[in-house]
There are 2 protein chains.
Amino acid sequence: MGKRQGYGQFCPISRASELLANRWTPLVVRELYFGSTRFAELRRGLPRMSSALLAQRLNELEHAGIVIAEPADTGAGHFYRLTEAGRALFPVLESMGRWAQTHSRDDLTRAENLDPDLLMWNIRRRVSDDSMPEDSCFAVSFHFLGVPASRSYFWLLFRDGETEVCLRDPGYKIALAVTSHIRTLTRVWLGHLKLEAAIRKRELLLEGDRRHVLAFPRWFPVSLLAASDVGDAR
Amino acid sequence: MGKRQGYGQFCPISRASELLANRWTPLVVRELYFGSTRFAELRRGLPRMSSALLAQRLNELEHAGIVIAEPADTGAGHFYRLTEAGRALFPVLESMGRWAQTHSRDDLTRAENLDPDLLMWNIRRRVSDDSMPEDSCFAVSFHFLGVPASRSYFWLLFRDGETEVCLRDPGYKIALAVTSHIRTLTRVWLGHLKLEAAIRKRELLLEGDRRHVLAFPRWFPVSLLAASDVGDAR
DNA sequence: CGGAATCCGGATGGATACTG
DNA sequence: CAGTATCCATCCGGATTCCG
């Protein structure tokens, strides 16, 4: 009876809404699209989502043909991947992102949305897509202002062509130390502020070998959804 | 506390989801984008949505700067309109529609989504956008198969350049009688079947003056989201 | 560890009735 | 007509637990 379900309309927007207009669902698809495959990875990108709801959403999406869950050959659990129909949802996510970047820009970096864990996790995911020198093995430290003390230090560890986020000093050589307010680096990530401008304005401090200082802007990534129009980025 | 609200993420998809990933919300925006402005018009395009929830969604959208409600000078109630930020959401709706048209096409015309009221209401809205002869005054009757008897007859009345949906014979000259299964006309509307093909295959019957029979395919509209790729439309 | 199942309290949505 | 008010079913968040 009151069973909440479809909208009973033939309109294609209605059909798409049956899938996407549910709490967390677009963000689950986003995580899968951006490359997470394991339950734990998804949770890390969706820290405020309960594990029960994530499991439920993955089921719904699998049932709808958006996600396919293959049992992990190694160990327990599954690999969750988008099907072709799932990847075809990207234009929806992209247009949502583009809308918010132009019509809700300042809301993105309101205090309650700043999250250093999430930022580092996203940076790592984009860095490892790009090509870093495979032979070198070093760490870059990040020190954030404007966050709780327990969340103010992070390290990116580059080793064997892999990139890892560490919450403690990994003990490798610190090639570069990055210091900024969490909002500054988030705005750089979102394309609201050019990295070079943040450095020039001394909102972002780089300390280390001249070589690594100069290399940093070349490998430091921005979001796939970064604004191309960079507001007050001069 | 348990207060359900934002997702606590700086990602623009997250921000857009806070607005759009709620039940009925994309469909409310769709109705406004397609030209409905009064509460009653919106309800007619969203027949399964409770009036309480519609009022709540309009409030939320107004608060978010997507909708503006101006008190109606004449009579009670308001005119609801999209703001510029609201109209900028159209690419999101469009990409949702495009996705469903290609990846969930057959679900659109499942029995539970066929609705002759909704179909006629949508047709009317698109017809009046197009130019019909302003001087003429006539009616076109629609007889649907595959629907409850009480919903099987409709009339489109063209008068003074206005178009109206009638649930009873308006008494004007019936220039043309259209008969088809509800699914057939819905598929034509969605672009899954070409009108000419439906006529040729005798899934859609036209009776009336030769002049009106010939004119019908010229003014009969399809959805703004009609598929350009028309499957088995030959 | 990876993930599913359960339980609880608060929030949300659907149905119906009601009001100016 | 244009919404409110109310009641109840469902959904969601958080915590805990369980299983392999």
Side-chain angles (χ1 to χ4, degrees), chain A residues 1-9 14 17-28 31-32 36-63 67-81 112 164 167, chain B residues 1-9 14 17-28 31-32 36-64 67-81 112 121:
Chain A
M1 188 55 67
K3 257 196 78 186
R4 195 175 340 166
Q5 46 190 11
Y7 295 103
Q9 300 197 357
S14 156
S17 297
E18 289 173 6
L19 293 172
L20 291 178
N22 290 305
R23 191 157 168 77
W24 288 108
T25 302
L27 303 195
V28 174
E31 287 303 300
L32 291 164
S36 291
T37 54
R38 300 305 305 255
F39 197 86
E41 287 182 301
L42 293 166
R43 293 216 64 187
R44 189 154 177 188
L46 303 164
R48 310 250 264 242
M49 184 182 195
S50 77
S51 95
L53 189 55
L54 175 56
Q56 181 185 323
R57 288 286 183 263
L58 287 169
N59 262 321
E60 294 166 3
L61 290 170
E62 186 176 8
H63 197 76
V67 161
I68 185 161
E70 355 165 340
D73 39 1
T74 160
H78 300 86
F79 288 112
Y80 297 97
R81 296 184 208 286
E112 71 262 34
E164 206 177 322
L167 305 178
Chain B
M1 190 57 65
K3 258 197 73 183
R4 207 200 299 193
Q5 46 190 11
Y7 296 103
Q9 300 197 358
S14 157
S17 297
E18 289 172 6
L19 294 172
L20 291 178
N22 291 305
R23 191 157 167 79
W24 288 107
T25 302
L27 303 196
V28 174
E31 286 303 301
L32 291 164
S36 292
T37 55
R38 300 305 304 255
F39 197 85
E41 288 181 302
L42 293 166
R43 291 217 64 187
R44 190 155 176 187
L46 303 164
R48 311 249 263 239
M49 183 183 194
S50 78
S51 89
L53 189 55
L54 175 56
Q56 181 185 323
R57 289 287 183 263
L58 287 169
N59 261 320
E60 292 166 4
L61 290 170
E62 186 176 8
H63 198 76
V67 161
I68 185 160
E70 351 165 346
D73 39 1
T74 160
H78 301 86
F79 288 112
Y80 297 96
R81 295 183 209 287
E112 71 262 34
W121 177 246

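What you see is a predicted model, and the numbers here were worked out from it, not measured in a lab. Labels below follow one simple rule: chain letters A, B, ... track the order of the sequence lines, proteins then strands, and each chain is numbered from 1. What's counted below: heavy atoms across the whole structure, side chains too, no hydrogens, waters or symmetry copies.
- Looking at heavy-atom distances under 4.0 Å, A:Phe79 makes no contact with the nucleic acid at all.
- Contact between the side-chain N/O atoms of B:Arg23 and the OP1/OP2 oxygens of D:dT10 is not found at any separation under 4.0 Å.
- Between the CG atom of B:Leu27 and the P atom of C:dG13 there is a distance of 13 Å, given to the nearest Å.
- Rounded to an integer number of Å, the gap from B:Leu58 CG to C:dG13 P is 14 Å.
- Note on B:Gln56: every side-chain N or O is 4.0 Å or more away from OP1 and OP2 of C:dT12.
- Between A:Glu60 atom CD and D:dC11 atom C1' there is a gap of 11 Å when expressed in whole angstrom units.
- With D:dG13, D:dT4, C:dA4 as the candidates, the nucleotide lying closest to the side chain of A:Leu53 is D:dG13.
- The distance from the CH2 atom of B:Trp24 to the OG atom of A:Ser14 is 7.0 Å, given to the nearest 0.5 Å.
- Distance A:Leu46 CG to C:dG3 C1': 15 Å, rounded to the nearest Å.
- Rounded to an integer number of Å, the gap from A:Met49 CE to D:dC11 C1' is 12 Å.
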Protein-nucleotides 16-20 of chain C N/O pairs under 3.5 Å:
none

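- The minimum heavy-atom distance linking B:Asn22 with B:Ser17 is given by the pair ND2-O, 4.5 Å.
- In this structure, B:Tyr7 and A:Arg48 approach most closely via the heavy-atom pair O-CG, 3.9 Å.
- Comparing atom distances between the B:Trp24 side chain and each of C:dA4, C:dG14, D:dG3 picks out C:dG14 as nearest.
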Per-pair distances, 0.1 Å, donor-acceptor, side chain in residues 49-59 of chain A, under 3.5 Å, sequence neighbours excluded:
unit_1	atom_1	unit_2	atom_2	d
A:Ser50	OG	A:Leu53	N	3.2
A:Gln56	NE2	A:Glu60	OE2	2.9
A:Arg57	NE	A:Arg23	O	2.9
A:Arg57	NE	A:Thr25	OG1	3.1
A:Arg57	NH1	A:Glu60	OE1	3.1
A:Arg57	NH1	A:Glu60	OE2	3.2
A:Arg57	NH2	A:Arg23	O	3.1

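- Put simply, B:Tyr7 has no side-chain N or O that comes within less than 4.0 Å of OP1 or OP2 on D:dG13.
- At whole-Å resolution of the value, CG in A:Asn22 and C1' in C:dG13 are 12 Å apart.
- Rounded to whole Å, the distance from CZ on A:Phe39 to C1' on C:dA5 is 12 Å.
- One can place CZ of A:Arg38 at 14 Å from P of C:dC1, the figure rounded to the nearest angstrom.
- An OP1 or OP2 oxygen of D:dG3 is reached within less than 4.0 angstrom by a side-chain nitrogen or oxygen of B:His78.
- For the residue pair B:Glu18 and B:Gly6, the shortest heavy atom distance occurs at OE2-CA, 3.4 Å.
- Remark: the backbone N or O of B:Gly45 is paired with a side-chain donor or acceptor of A:Gln9 at under 3.5 angstrom.
- A cation-pi contact, defined as under 6.0 Å to the ring centre and within 45° of the axis, is absent between A:Arg38 and A:Tyr80.
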